[in-house]
S.K.: 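Supplied in structure tokens, the structure appears directly below.
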Amino acid sequence: LELGIQPGRREVAISGFDDGLLARSLRLTSVRQPVGEMAEVALAAALDPEGMPTRLAVELQSEVMLRFSTA
């Protein structure tokens with residue numbers, strides 16, 4: 001009871017990652033990755049490995065898709 005949990009009451013929020021077809025179909029909150037941008041960066045690194053630094057750090061924006069599972 002110290003954590004605010006009430007006996008007999010069960011609430012669960014579910015979220016996922018990748019925002020795939022299953023998450024969209026079941027209306028689950030999920031994180032959507034910028035797959036197109038990720039592919040562009042990977043392709044650029046593969047096509048021009050000489051021009052890429054030894055360690056490549058790229059920061060891309062993800063998006064949280066709020067849906068029924070956490071509402």
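Any value given below was found using the heavy atoms of this structure, including those in side chains, with hydrogens, waters and symmetry copies removed. Please read these numbers as outputs of a predicted model, since none were measured by experiment.
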S.K.: Taking atom types as modelled and ignoring hydrogens, do the side chains of Thr29 and Thr70 form a donor-acceptor contact shorter than 3.5 angstrom?
M.R.: yes

S.K.: Taking C-beta and beyond as the side chain, do Ser30 and Ser15 meet within less than 4.5 Å on heavy atoms?
M.R.: no

S.K.: Report the distance from atom CE of Met38 to atom CG of Leu43, rounding to the nearest 0.5 Å.
M.R.: 13.5 Å

S.K.: At what distance, to the nearest 0.5 angstrom, does CG of Asp19 lie from CD of Gln33?
M.R.: 10.0 Å

S.K.: Check side chain to side chain contact (heavy atoms under 4.5 Å, CB included) between Leu21 and all other residues, then give those that pass, not counting sequence neighbours.
M.R.: Arg24, Ser25

S.K.: So, Arg67 side chain and Leu28 main chain: donor-acceptor pair closer than 3.5 Å or not?
M.R.: yes

S.K.: Under 4.5 Å between side-chain heavy atoms, counting indirect links through other Ile/Leu/Val/Met/Phe/Trp/Tyr residues: same cluster for Phe17 and Leu66 or not?
M.R.: yes

S.K.: When you compare the side chain of Met65 with that of Val31, does any pair of heavy atoms fall below 4.5 Å?
M.R.: no

